[in-house]
Amino acid sequence: MAFQQKINKMIVVALVVARVVDAKNIAASASWAQAFKTATLLKTLSVNALIIGEEGVGKKSLASYILPDATILDTSNYEELLLALESNNSIIITNLENSPNIKKIFELIMLKNIRVVATASNLYKNEIVDKVFSIKLDIPSLKERPEDVDILIDKYINEAASLFGQSETLKISNINPDLSRNSYSLKKQVVIHYLLQNIDERELMDIIEKYLFEKLGSNNDYKNFLHIYEVPLIKAGLHKFKSQLQLSDKLGLNRNTLRKKISENSKYF
């Protein structure tokens, strides 16, 4: 306990100093900045750390920052992990809570005095956890770090531009960030949005064709999949023309027919 208190005091001092020196360079939420500064301190300390948080919050990135040259293994690769513990003096272990025999892993870590940074989705109860890990970092979800969302969106836009060979990045607007899986779902959403801004008619039809090829096979498929065309058409029209009355005129549909189609597909609106 005394050692933990000593480390905590060192972290507080380091964070205060770093905040004064590097405040002008911080472009993220306070919680992530604090976690990053703690990780920077941990790079210089021979202590084990457990990084806790939901998937996609940056646990693995932070672990790699602390131990940049360490082998990274998931606990699901149990036999491979045991071999790695026999031959490494430092290691990153991911998804610690999924280990089939966490006790054996902890015993090897303590016996061989291995430097370890581990990640877990939750702070599960285990009598050896406190003995193995001197420091525990809890990384909040992106829903709790709204300042980071816009930064990540810009980052993923630039990555998408590079991926698709674009000399200039496109501005993505009117995006409602999908944070269901934190950075994983957000990055997928941004890349799809970026792709759709560059897509032509033939490419769009190819995507739909591939999707339908995998799905077709039951009776009445024409009716079953008609919404794939109708829903985006109606949603785009409502967004552009602002009213059902104007949209029904533009589409050449009776207003009651348009209302019926919206009602039939209400779960998509």
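Interatomic distance, CG of Leu196 versus CD of Glu203, reported as 10.5 Å (0.5 Å rounding). We find the CG-OG distance between Leu186 and Ser180 to be 9.5 Å, quoted to the nearest 0.5 Å. Between Asn98 atom CG and Tyr78 atom OH the span is 14.0 Å, to the nearest 0.5 Å. Separating the CD1 atom in Ile262 from the CD atom in Glu230 is a distance of 10.5 Å, to the nearest 0.5 Å. Atom OG1 in Thr75 sits 8.0 Å away from atom CD1 in Ile93 (nearest 0.5 Å). Once rounded to the nearest 0.5 Å, the distance linking CG of Asp74 with CD of Glu80 reads 10.0 Å.
No chain of hydrophobic side-chain contacts below 4.5 Å, direct or via other Ile, Leu, Val, Met, Phe, Trp or Tyr residues, connects Ile192 to Ile157. Under the 4.5 Å side-chain heavy-atom criterion for ILVMFWY residues, a single connected hydrophobic cluster contains both Ile153 and Leu179. Hydrophobic cluster membership differs between Leu204 and Leu195, with clusters built from Ile, Leu, Val, Met, Phe, Trp and Tyr side chains linked at under 4.5 angstrom. Hydrophobic clustering of Ile, Leu, Val, Met, Phe, Trp and Tyr side chains at less than 4.5 Å, counting indirect connections, unites Ile91 with Met110. Connection of Leu247 to Phe269 is established within a shared hydrophobic cluster, with ILVMFWY side chains joined at heavy-atom distances below 4.5 Å, either directly or through further cluster members.
Side chains of Ser134 and Asn48: a donor-acceptor N/O pair is absent below 3.5 angstrom, by distance only. A donor and an acceptor atom, one from each side chain of Ser29 and Asp148, are located under 3.5 Å apart.
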Hey, mind stepping through Ile228 and Tyr211 against side chain to side chain contact (heavy atoms under 4.5 Å, CB included) and telling me if it holds?
-> CA-CA 10 Å; Ile228 293 176; Tyr211 174 82; 3.4 Å; yes

Show the numbers, then the answer: is there a side chain to side chain contact (heavy atoms under 4.5 Å, CB included) between Tyr229 and Ile208?
-> CA-CA 9 Å; Tyr229 162 76; Ile208 296 174; over 6 Å; no

Report the C-alpha distance between Ser64 and Ile72 in whole Å, list the side-chain angles of each, state the deciding distance to 0.1 Å, and finish with yes or no for side chain to side chain contact (heavy atoms under 4.5 Å, CB included).
-> CA-CA 8 Å; Ser64 296; Ile72 304 175; 3.5 Å; yes

Can you list the steps and then say if Ile114 with Asn88 is a side chain to side chain contact (heavy atoms under 4.5 Å, CB included)?
-> CA-CA 7 Å; Ile114 300 170; Asn88 289 271; 5.6 Å; no

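Judged purely by atom type and a 3.5 angstrom limit, Arg145 uses its side chain to pair as donor or acceptor with the backbone of Pro140. At least one donor-acceptor pair under 3.5 Å links the side chain of Asn224 to the backbone N or O of Asn219. In terms of modelled atom types and a separation under 3.5 Å, the side chain of Gln246 and the main chain of Gly237 share no donor-acceptor contact. In this structure a side-chain-to-backbone donor-acceptor pair under 3.5 Å is present from Ser185 to Asp178. Although no hydrogens or angles enter the test, the distance criterion places a donor-acceptor pair under 3.5 Å between the side chain of Lys59 and the main chain of Gly53. A donor-acceptor pair is defined here as one N or O able to donate and one able to accept, closer than 3.5 Å; such a pair exists between the side chain of Ser183 and the backbone of Gly56. Remark: side-chain polar atoms of Thr44 are paired, donor with acceptor, to backbone N or O of Leu41 under 3.5 angstrom. Proximity of a side-chain donor or acceptor of His193 to a complementary backbone N or O of Gln189 within less than 3.5 Å is detected.
Contact record, Leu67 with Ile92: O-CD1, 3.6 Å, taken as the closest heavy-atom pair. Among all heavy-atom pairs drawn from Ala63 and Thr119, the shortest one is CB-CG2, 4.4 Å. Heavy-atom minimum distance, Ala35 versus Leu137: O-CD1, 4.4 Å. Closest approach of Gln244 to Leu238, counting heavy atoms only: CG-CD2, 3.9 Å. When all heavy atoms of Arg115 and Val47 are compared, the closest pair comes out as NE-O, 2.5 Å. What you find for Val57 and Trp32 is that their closest heavy atoms are O-CZ3, 3.7 Å.
Side-chain rings of Tyr65 and Phe36 approach one another, their centers coming within less than 6.0 Å.
Using a 4.5 Å heavy-atom threshold, the side chains of Lys112 and Leu85 count as separate. Side-chain contact between Leu233 and Leu251 is present, with at least one heavy-atom pair separated by less than 4.5 Å. Here the side chains of Asp249 and Phe241 are not in contact, with every heavy-atom distance at 4.5 Å or above. Taking 4.5 Å as the limit, some side-chain heavy atom of Lys136 sits within range of a side-chain heavy atom of Asp130. You'll find the side chain of Ser162 stays beyond 4.5 Å of the side chain of Glu159, heavy atoms only. Counting heavy atoms from C-beta on, the side chains of Val149 and Leu152 never come closer than 4.5 Å. Here the side chains of Arg181 and Lys188 are not in contact, with every heavy-atom distance at 4.5 Å or above.
Residue Glu201 qualifies as open at atom CD: its count of foreign heavy atoms under 6.0 Å is 12 or below. Around atom NZ of Lys43, more than 12 heavy atoms belonging to other residues, nucleotides or ligands sit under 6.0 Å away.
Relative orientation of the Phe106 and Phe133 rings is perpendicular, given thresholds of 30° and 60° on the angle between their planes.
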